[in-house]
There are 2 protein chains.
Amino acid sequence: MRVSTRFSDAIHLLAYLKIYADTKLTSDAIAASIETSPVVVRRIMSQLRRAQLITTIPGTAQPQLAKPLDQISLLNVFYAVEGDKPLFAVDPKTNPQCIVGGNIQSVLSQYYQDAQTAAEARLAKTSLQDIVDSLLVEQAKQDAHQ
Amino acid sequence: MRVSTRFSDAIHLLAYLKIYADTKLTSDAIAASIETSPVVVRRIMSQLRRAQLITTIPGTAQPQLAKPLDQISLLNVFYAVEGDKPLFAVDPKTNPQCIVGGNIQSVLSQYYQDAQTAAEARLAKTSLQDIVDSLLVEQAKQDAHQ
DNA sequence: ACCTCCTGTAACTATTATGATTACTGTGAT
DNA sequence: ATCACAGTAATCATAATAGTTACAGGAGGT
């Protein structure tokens with residue numbers, strides 16, 4: 001499949017809301033930054049709104065962060081847009097008559113869950129404020145090298 | 001896209017080689033357990049062979065594990081079949097003129113790498129022997145409940 | 001009231017990663 | 001020589017994703 005960039009785009013969007021808070025925050029403007037379509041932006045915003053990470057007002061270009069960025073972790077964003085989608089996929093269709101095929105799903109699910117939890121714990125440790133800070137540092141580096 | 005189950009299928013295959021070592025290990029027989037086609041099985045075996053996890057002899061149905069199962073971690077298998085494919089995808093096409101769009105890739109790559117490393121560390125802690133042991137325990141449970 | 005800009009969503013299309021299939025070459029054992 | 005099988009390239013089918021089109025409706029200015 002095409003690899004999903006929705007998680008990355010959602011982080012991008014939220015950082016944009018903060019850094020460009022003083023500009024017109026239309027889905028068009030945000031889409032220009034992500035280089036996607038306004039509809040895709042509104043779709044992502046819809047998921048972020050349902051997860052209560054932002055608030056919006058229909059008809060007006062005033063999306064707002066629902067809480068301070070240091071209180072939103074990458075894991076919050078991940079859950080908002082990807083739900084509980086597993087990082088590692090179990091093959092659901094195997095031969096139940098076989099010792100391996102009949103038990104592999106439940107066994108792998110456990111170990112996969114452990115690995116995913118480890119990754120999620122790391123995501124939980126990073127806040128969007130960290131991302132914004134890093135973005136500004138990177139930008140300053142670029143400016144200095146010109 | 002269709003979600004990739006190659007990692008799971010590769011683990012399945014290796015566990016099958018161990019548990020059914022006394023049977024005819026044709027790609028057909030293994031395919032019946034995974035419920036896929038023999039060609040897919042041979043493709044996965046090809047990757048496992050290149051990663052030196054198994055040895056095979058062309059023309060004969062004698063795939064062999066290249067080392068004891070407790071010396072093969074899930075991470076070894078993951079690398080064998082998925083390479084260094086990232087778990088989280090960065091959106092490569094964003095507006096470089098924007099503070100966010102121009103720096104988000106390098107920033108996210110760092111944090112994503114941290115999360116992936118955490119997951120991989122967990123995969124490295126589990127060996128295929130652990131998987132086989134778990135499979136046999138699960139099977140024993142099923143047998144007991146009949 | 002009307003117009004304009006915008007959001008929110010549904011429906012559809014295009015793209016592409018994946019597994020499945022087909023077809024073939026070549027090896028090893030009997 | 002024949003048979004069973006591995007190995008692999010090429011092609012097809014499926015499905016997850018982003019992108020697009022279309023339209024209903026809100027907010028605010030005139």
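All chains are named by letter (A, B, ...) in the order of the sequence lines, taking the proteins before the strands, and each is independently numbered beginning at 1.
At a cut-off of 3.5 angstrom, counting only N and O atoms as typed in the model, there is a donor on one side and an acceptor on the other between the side-chain of B:Arg43 and the base of C:dA20.
B:Asp114 and A:Arg122 make their closest contact through OD2-NH2, 3.5 Å (heavy atoms, listed as atom of the first residue, atom of the second, distance).
With rounding to whole Å, A:Asp91 atom CG is found 18 Å from D:dT14 atom P. For the pair A:Leu13 CG and D:dA18 P, the interatomic distance rounds to 14 Å; values are reported in whole Å. For the pair B:Ile30 CD1 and D:dC5 P, the interatomic distance rounds to 12 Å; values are reported in whole Å. With rounding to whole Å, B:Ile44 atom CD1 is found 12 Å from C:dT18 atom C1'. Whole-Å rounding puts the A:Arg50 CZ to C:dT7 C1' distance at 14 Å. In this structure, B:Lys85 atom NZ and C:dT16 atom C1' are separated by 14 Å, rounded to whole Å. One interatomic measurement links the two molecules: CE of A:Met45 to C1' of C:dT7, which rounds to 8 Å at whole-angstrom precision. If you measure from atom CD of B:Gln64 to atom P of D:dC5, you get 17 Å, rounded to the nearest angstrom.
Counting only distance, with no hydrogens or angles, the side chain of A:Asn103 and the backbone of A:Ile99 share a donor-acceptor pair below 3.5 Å. A donor-acceptor pair is defined here as one N or O able to donate and one able to accept, closer than 3.5 Å; such a pair exists between the side chain of A:Gln105 and the backbone of A:Asp91. Judged by distance alone, the side chain of B:Lys93 and the main-chain N or O of A:Glu35 form a donor-acceptor pair under 3.5 Å.
Set against C:dT7, C:dA20, D:dA6, the side chain of B:Val40 has C:dA20 as its closest nucleotide. Nearest nucleotide to the side chain of B:Ser4, out of D:dA18, C:dG19, D:dC5: C:dG19.
Heavy atoms of A:Arg49 sit under 4.0 angstrom from primed sugar atoms or phosphate atoms, though from no base atom. Among the protein residues, B:Arg6 comes within range of the sugar-phosphate backbone only, with heavy atoms under 4.0 Å from sugar or phosphate atoms but none that close to a base. Looking at heavy-atom distances under 4.0 Å, A:Ser37 makes contact with a base.
In the displayed structure, B:Gln71 atom CD is contacted under 6.0 Å by more than 12 heavy atoms of other residues, nucleotides or ligands. Applying the 6.0 Å contact sphere to OH of A:Tyr20 captures more than 12 heavy atoms from other residues, nucleotides or ligands.
Contacts between residues 93-106 of chain B and DNA chain C, defined by a heavy-atom separation below 4.0 Å, involve no residue at all.
Under the side chain to side chain donor-acceptor pair (under 3.5 Å) criterion, A:Asp133 pairs with A:Gln129, not counting sequence neighbours.
B:Ser27 has a side-chain polar atom (N or O) that falls below the 4.0 Å cut-off from OP1 or OP2 of D:dA6. One finds no side-chain N or O of A:Ser46 lying less than 4.0 angstrom from the OP1 or OP2 phosphate oxygen of C:dT7. Between A:Lys24 and C:dC5, a side-chain N or O to OP1/OP2 separation shorter than 4.0 Å is absent. For A:Thr36, a side-chain nitrogen or oxygen approaches OP1 or OP2 of D:dG19 to under 4.0 Å.
Counting heavy atoms from C-beta on, the side chains of A:Asp9 and A:Arg6 never come closer than 4.5 Å.
Using modelled atom types and a 3.5 Å distance limit, the side chains of B:Glu138 and B:Gln142 yield no donor-acceptor pair.
The aromatic rings of B:Tyr112 and A:Phe7 lie parallel to each other, with less than 30° between the two planes, well short of the 60° mark.
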Indicate for each nucleotide in nucleotides 23-30 of chain C, in 5' to 3' sequence, whether protein heavy atoms under 4.0 Å reach the base (B), only the sugar-phosphate (S), or nothing (-). ---BBS--

